[in-house]
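Step one of this worksheet: look at the structure below.
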Amino acid sequence: MENIKAQKLLNKIQRDLMRNGIITNTLVEDLKELRKFVVEENIPLLAKVTRLTYEHVGEHEDFLIAIPDDEPIELDEDSEETEETTTLKTEEVKGQESLEYMLSLMAEHDNKLNEMELREYVKALKEHAGEDY
């Protein structure tokens, strides 16, 4: 995000979340305001993830989406899969920690890995809402 106001608002949302946890009304209003800036900057992925997030939090009064799993390392045909190259599934992390992580991805959305994970959040939010992806 290039807009200084958008960056400051995102930082405020992150600070409020860390200090106070998920306070539905404040979080939803701040995300709606952030979405306006994101739409002005023409960043469709952030606009979508922001909208789906405030709709989700508004409906459930929590963030029920887990942090996306790491993708397994792709192997060459000649190599063998070992325990070290297998993705280890960890306990699903939901709620405030997952939301904090998603917001940190938004702050650096130009990073390709962050973009991929944001797309996973969009997919999970849509699935949770019953929308087709």
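Predicted, not measured: the structure shown is a model, and the values here were computed from it. Basis for what follows: all heavy atoms, side chains included, without hydrogens, waters or symmetry-related copies.
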**Q.** Worked verdict on Leu99 versus Leu27 for side chain to side chain contact (heavy atoms under 4.5 Å, CB included)
**A.** CA-CA 11 Å; Leu99 183 55; Leu27 180 61; 3.5 Å; yes
Q.
Is a donor from one side chain sitting under 3.5 angstrom from an acceptor on the other, for Glu117 and Tyr101?
A. yes
Q.
To the nearest 0.5 Å, what is the distance between NE2 on His128 and CD on Glu55?
A. 13.5 Å
Q. Does Gly95 offer a backbone N or O that forms a donor-acceptor pair with the side chain of Asp62 under 3.5 Å?
A. no
Check: residues 7-24 side-chain donor-acceptor pairs under 3.5 Å, at least two apart:
from: Gln7; atom 1: NE2; to: Met1; atom 2: O; distance (Å): 2.4
from: Asn11; atom 1: ND2; to: Gln7; atom 2: O; distance (Å): 3.3
from: Lys12; atom 1: NZ; to: Asp16; atom 2: OD2; distance (Å): 2.6
from: Lys12; atom 1: NZ; to: Asp30; atom 2: OD2; distance (Å): 2.8

Q.
Any heavy-atom pair between the side chains of Met106 and Leu34 that's under 4.5 Å?
A. yes
Q. What residues, two or more places apart in sequence or in another chain, satisfy side chain to side chain donor-acceptor pair (under 3.5 Å) together with Gln96?
A. Glu100
(Q) I'd like to check Lys94 versus Ile65 (side-chain heavy atoms, cut-off strictly below 4.5 Å). Are they in contact? (A) no
Q.
Working to the nearest 0.5 angstrom, can you tell me the gap between Glu120 CD and Ile67 CD1?
A. 13.0 Å
Q. Any idea which heavy atoms bring Tyr54 and Val28 closest together, and the distance?
A. O-CG2, 3.7 Å
Q: Hey, could you give me the CG/NZ distance between Leu46 and Lys48, rounded to the nearest 0.5 Å?
A: 12.0 Å
(Q) Going by the rule ring-ring contact (aromatic ring centres under 6.0 Å, His included), which residues pair with Phe63 if we only count those two or more places apart in sequence or in a different chain? (A) His56
Q. Is it true that the side chains of Ser98 and Tyr121 contain a donor and an acceptor less than 3.5 Å apart?
A. yes
(Q) Can a donor-acceptor pair be found, under 3.5 Å and without considering hydrogens, that links the side chain of Arg35 to the backbone of Ala47? (A) yes
Q. Taking only residues two or more places apart in sequence, or in another chain, which ones meet Glu115 in a side chain to side chain contact (heavy atoms under 4.5 Å, CB included)?
A. Leu45, Lys112, Arg119
Q: Report the distance from atom CG of Leu105 to atom CG of Asn114, rounding to the nearest 0.5 Å.
A: 4.5 Å
Q: Please indicate whether Glu97 has more than 12 foreign heavy atoms, meaning atoms of other residues, nucleotides or ligands, lying under 6.0 Å from its CD.
A: no
Q: Output all residues satisfying side chain to side chain donor-acceptor pair (under 3.5 Å) with Glu33, sequence neighbours left out; order by chain, then residue number.
A: none
(Q) Does any part of the side chain of Glu61, heavy atoms only, come nearer than 4.5 Å to the side chain of Val57, both counted from C-beta? (A) no
Q) Rounded to the nearest 0.5 Å, what separation is found between the CG atom of Asn111 and the CE atom of Met116? A) 9.5 Å
